[in-house]
Amino acid sequence: MKVSGGLKQLGLRQFPYTETSMDNISTEATAGPLELAALKNYKLDHAYDEMFASPDALHEHYEPLLEHFAALPPEEVQRRKQAADLSFLNQGITFTVYGRDEGTERIFPYDLLPRIITAAEWAKVERGLTQRITALNLFLKDIYNEGRILKDNVVPRELVYSCPQFRRQMSGLQVPRNVYIAVCGTDLIRLENGDFAVLEDNLRVPSGVSYMLTNRRVMKRIFPQLFRSYNVRPIEHYTQVLLGTLRSLAPEGRPEPNIVLLSPGVFNSAYFEHAYLARQMGIELVEGRDLVVHDNICYMRTTSGLRRVDVIYRRVDDDFIDPLSFRADSILGVAGLFNAYRAGNVTLANAFGTGVADDKALYAYVPDIIKYYLGEDEILPNVKTFLCSIEKERKYVLANLDKLVVKAVGESGGYGMLIGPQSSAKERAEFADKINANPRNYIAQPTISFSRAPCLIGDELEPRHVDLRPYVLYGDKVTIVPGGLTRVALKRGSLVVNSSQGGGSKDTWVLSQ
Amino acid sequence: MLSRVADSLYWMSRYLERAEHTTRLLDVNLNLMLDESSTSSDHRWLRLLQALGKPRRIKWSGDPYELARTLTFDTENKSSVLSCIIRARENSRHVREQISTEQWHRLNSLYLEVTRSELQTAMHAQALQGSSETPAAFLQQVMEAVHQFQGVTDSTMSHGEGWHFIQVGRYLERATATAILLEAYHEDVWAQPDRVPEGNEYLEWMGLLRSATAFEAYCKVYTADLTPERILEFLLLDAEFPHSVRFSIDSLQCALLAIQSASGGNRAEELHRISGRLSASLAFASVDEILNGDVVAYLRNIQKQCQAVHETIYHLYVDYSIQTALAG
């Protein structure tokens, strides 16, 4: 479906002219020529559009935004965009690009137009995510203890045990408050009918929350009036809630816990975020070499000697965290940390082995998991998923490679993927071989055109695919700050939103009514 | 405070001080060589290299601008101004959450400015044409940036333990660098006390004072009457001038005491003893005694004691063994 023209577009949305004929509007409309120019490349397709309800009408909550934007001369828009970019660069809000010596930092591309979510839409997302994290947490507790769900054959035993993220070491271990997933960042997309669905659960070390927070700060500076007029729910308390969550997970008998953030160090792509969060929470940012374990107690090296550590918000993967228990070649970790954890002398958030619950093959069973533990239907649906480990489904996948998206179950960040409709015959043949060689390692999903939101490309607005990653915190209760990171696939037509693959981000506004 | 953080703050500060020192020496000598002088070009630039502690793999080729370029921009050379700024910034990046945003901005913009590739090309082209304007302006800019950094450090960062480690790094570097600088000038200025100075030698003495930003401050104390004894006395023993060795050691001593009380340890006796001894020996020294003795040995002894302070700081605060720490 093609929009016939920006001017008509804007004329039409002005009730009560909606019913008049096109010709009348193009001559009578009061909208300036800029609006026409800015929207001339805005073409709708079958994907859900965040701004247009139909070719003739905007979603109501996008009207003030477009009005405000259209009233700005292009030079002013560019000036604000530069001001925003500069502000990111000067604050050092960058991510690290691997494999180059100099200039390894880049700013995460930022789109000036906010993505707006209504109060009603958000309420459902919030309920859905709370339900999901509660169920997944119960699932982790179950599989690392009695394993009821496996005995009842709701989830196949071999699927869990064959997952590389399943940590035998966690069996029978009691974690504080039974919380395995303290921090999670679930990737949501909007289907063609406008419903939110879950694309991926990130239960290990989800990142990006600092971009959510800094995007908001920049946005409030660049568009103060617009922001005010919208009644956006605040997100700035995220770090306090995170700190509270971590504190609630402290080992017993440690009323004033010493909480630290464990980072792999300055060369990690998310280092900026680690430093940012530590600073905002007022806790120490430590690296593996700052910590030592002696007699199952974890200490950090300070100028006044060793100081005991009680809670570690770790941003280091399971594999690298303790060379004695996991990968022996890791230099990022702390020798003996796992034993200190097992002994209950230090809490790690998230717990080890949470990755088994965000395995892409296990994902297909999450609705069953929710039903099993909570007796409820899932509020946020899954995307249809074919498991290559099941023969019937594998046959279907192999026969339809050109229509499906194939993903390796253990990969993230947009790596190890085949996007069927955009692939060559050679790539498909390669993937077919890989699937046959290791079926457990692959799943396939239909190519979903997830929703598109307006982005500023040059001087014009064009639609780009977006997803949404809200951040869920789980300590003594579940808290989700209203918003999240909206990631944008900045290349036209692209469906990959990861920052390592040319993605950008937007501020996300959740309206209070 | 984390040991690693103390370590990074300390080195951030040392590297910046080193960058500023190198810059100032280059600036002074590039300026002086324009005048007719009793010092030959070879002598001047070899002395400069000695004053910078003879950086490895740098050879005097006969071209001052080429040498200036190497000492400024050559990242192969670990003590070039650019290397120092890159490392200072790298250290600050490791402790980004410990320093103030203003500090980070100042240092990061300096880094972005000096690593711009056009700048180096321009400098190179200018150097080939023998034009001195660009280096001077550039060097000036680096010095100003470092001064500004020190200013924002003092006015935006809490004067707690971290700030004191920054002071320790700065003053230890400065004391060492000034002692090495004086040693490099020994042959020209103090080796033959009874010699009558030739024509333009005063210019070189001025250059020495300027290399420590001391010319104006010297004049306030002794007037513009330059004599070798007074120069040595001023750069070594003046209690009030911030680049003198004594002032640097006193400031170092203060910062170490503050760290000791902040980190609550009484493990610091040894450190306190050696830094206190150095401080006292400078406070009670007389320039005549020093000149009657072996000046070079005296200056080297100061450098050695600075090194000992550095090592003791490391054993005490950064590099200690777990057993000692648990026992203590």
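Because only heavy atoms are used, hydrogens play no part in the values below, and waters and symmetry mates are left out as well, while side chains stay in. First the proteins, then the strands, lettered A, B, ... as listed; each starts at 1.
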To the nearest 0.5 Å, tell me how far A:T303 OG1 sits from B:D7 CG. 11.5 Å

Are more than 12 heavy atoms, taken from residues, nucleotides or ligands other than A:R221, located less than 6.0 Å from that residue's CZ atom? no

Do A:R279 and B:Q98 make a side-chain contact, defined as non-hydrogen atoms from C-beta onward lying under 4.5 Å apart? no

Which atom of A:M300 lies closest to which atom of B:L2, heavy atoms considered: SD-CD2, 3.7 Å

What part of A:Y299 lies closer than 4.5 angstrom to a heavy atom of chain B: side chain, backbone, both or neither? side chain

Show your reasoning for whether side chain to side chain contact (heavy atoms under 4.5 Å, CB included) applies to A:T302 and B:Y317. CA-CA 7 Å; A:T302 74; B:Y317 294 119; over 6 Å; no

Closest non-hydrogen atom pair between A:S304 and B:S263, with its separation: CB-O, 2.7 Å

Just wondering, do A:R301 and B:Y320 contact through their side chains at under 4.5 Å, heavy atoms? yes

To the nearest 0.5 Å, what is the distance between CZ on B:R96 and CZ on A:F272? 7.5 Å

Taking all non-hydrogen atoms of both residues into account, name the closest pair between B:L326 and A:H294 and its distance. CD1-CD2, 3.2 Å

More than 12 heavy atoms of other residues, nucleotides or ligands under 6.0 Å from CZ of A:R307: yes or no? no

Can you name the nearest heavy-atom pair linking B:E90 to A:V266, along with the distance? OE2-CG1, 4.2 Å

Non-hydrogen atoms of B:V95 and A:Y271 that approach each other most closely: N-OH, 4.3 Å

I need the minimum non-hydrogen distance between B:M1 and A:E284, along with the two atoms involved. CA-OE2, 4.4 Å

For A:Q280, is it the side chain, the backbone, both, or neither that has a heavy atom closer than 4.5 Å to a heavy atom of chain B? neither

Residue B:H272 excluded, over 12 heavy atoms near NE2 under 6.0 Å: no

